[in-house]
Amino acid sequence: MQFAHFDVAAFINANWQKRPLLIRNPWKAWANPLEPDELAGLACEEGVESRLITSGSGKLALERGPFAEERFAKLGKEPWTLLVQAVDHYVPDVAALIEPFRFVPDWRIDDVMVSYANDGGGVGPHFDQYDVFLIQGLGRRRWRVGPVCDAQTPLVPHEDLRLIEDFEATGDWVLEPGDILYVPPGFAHDGVAIGDDCMTYSVGFRAPSRAELAEAWTAHQVDAMAEDDRYADPDLSFQAHPGEITAEALDRLHGMVLASLADRDAFARWFGHYNSLSKYAETDWRPEEQMEADEVAAMLGEGHALHRNPAHRFAFIEAGEGVLLFVDGVCRECRGEAAALARDLCAGGEWSGSPGEEALALLTALINQGSLGFEEED
Ligand code: SIN
Ligand code: CO
């Protein structure tokens, strides 16, 4: 999928993380990449995160998947919405929707959620912590966008849903297939299907919270700290009041904490690992038997291409003459030809060629950890 007209630079300047934008069908040729039935099929599968939001007597209710097929047959005329997370992990044509948004780096991209609603269906007025591009796939949806919300915004008391109590729209649009609404973090939004067969694709982003980062990075560093690495004061000086915790003592204590978290190189390695961990562990591509490097070379020699497991996250960090490659939580130091291969793999798409020894070792390791695979023969 490609854009025919969309000014990325202007978008970043005026809208990205700033204000919502309606983008009327920017695609070369929009084609809905997934059938509603296939989405329903995914929602019946174990390990796929799905939700069903129904409305009876004006109140929204949430059910979590996986669902029995019969559940969909029982849905009546009352508005309902089915939402399935990370559909890009299962459907290559849905994964292709991410490609035009890669002006934002991969590590900031989360996944593609897909929703399907009947007439009047929607998840109610809410706000999210992340940027999202809401692509209308099939049918029509009325989107209303409101002001920025925060922890003080009054919510409707509800066990499962965080719905805004007094939603007031500042923008109101009907989206047709191919239209896109960009919503930055925190902006209230409410989408309601107009007519049946309404499908929306949400290309969602991730932004670690300071709390999450601080907690995880600290926990990582703490793991390596020794029991005897302690406050020490061999230079103890006499203080006027024994009850005081002096500024000097506090500086030393505070310094102990800051120094243990300040290692920039260790942080880079840790963050690459942390960010490349998969949220879902369901798409296991590991071969039944570990492949040997010469088997991999033979397959490549016969012209077979390698594909990336769409559920695994790939990223690299430049490090001196080489790179640190992170795939599915595993860090590898790559130099020379292997570093060039690592950058290539992170660029995406399929990979074929005749690798040298180090690159072949890297490919073999990635195949055996289930991050790369040869296309299945039909
Ligand atoms: C939807 O697709 O119905 C909801 C998406 C969202 O509001 O984030
Ligand atoms: Co939302």
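These numbers come from a predicted model, not from an experiment. Counting starts at 1 for both ligands and their atoms, following the listed order.
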Can you report which non-hydrogen protein atom sits closest to atom 1 (C) of ligand 1, along with the distance? Ser115 OG, 3.5 Å
Is it the case that the side chain of Glu337 and the backbone of Gly356 share a donor-acceptor pair, with hydrogens and angles ignored and the cut-off at 3.5 Å? yes
Among Val132, Asp190, Asp128, whose heavy atom sits nearest atom 8 (O) of ligand 1? Asp128
What do you reckon, are the aromatic ring centroids of Phe3 and Phe101 less than 6.0 Å apart? yes
Go through the steps to decide whether Phe205 and Trp16 satisfy the test ring pair (Phe, Tyr, Trp, His ring centres under 6.0 Å), and finish with yes or no. CA-CA 12 Å; Phe205 293 79; Trp16 175 250; 5.3 Å; yes
With a 6.0 Å cut-off on the ring centroids, do Tyr116 and Trp80 count as close? yes
Under a plain distance cut-off of 3.5 Å, with no hydrogens placed, do Glu375 and His304 share a side-chain donor-acceptor pair? no
Sub-4.0 Å atoms of ligand 1 with respect to non-hydrogen atoms of Arg141: 3 (O)
Heavy-atom distances under 4.0 Å decide this one: backbone, side chain, both or neither, for Leu134 against ligand 1? side chain
Minimum-distance atom from the Co ion (ligand 2) among N, O or S atoms of Asp128: OD2
Could you go through Tyr280 and Tyr90, starting from their C-alpha distance and side-chain angles, then the distance that decides it, and tell me whether this counts as ring pair (Phe, Tyr, Trp, His ring centres under 6.0 Å)? CA-CA 12 Å; Tyr280 308 99; Tyr90 316 100; 8.0 Å; no
Other residues, nucleotides and ligands only: do more than 12 of their heavy atoms fall within 6.0 Å of CD on Glu333? no
Would you check the N or O atoms of His189, main chain and side chain alike, for any that come under 3.5 Å of an N or O of ligand 1? yes
The Co ion (ligand 2) - closest N/O/S atom in His189: NE2
Closer than 4.0 Å to some heavy atom of His126 - which atoms of ligand 1 meet that? 6 (C), 7 (O), 8 (O)
Determine whether any heavy atom of Tyr116 lies closer than 4.0 Å to an atom of ligand 1. no
Run the numbers for me: atoms of ligand 1, each under 4.0 Å from some heavy atom of Thr200, listed by number. 2 (O)
Would you say the side-chain atoms of Asp179 pair up with the backbone N or O of Glu176, donor to acceptor, closer than 3.5 Å? yes
Examine ligand 1 and decide if any of its atoms is less than 4.0 Å from a heavy atom belonging to Ser202. yes
Heavy-atom contacts with Met113 under 4.0 Å: which atoms of ligand 1 show up? List them by number with element. 5 (C)
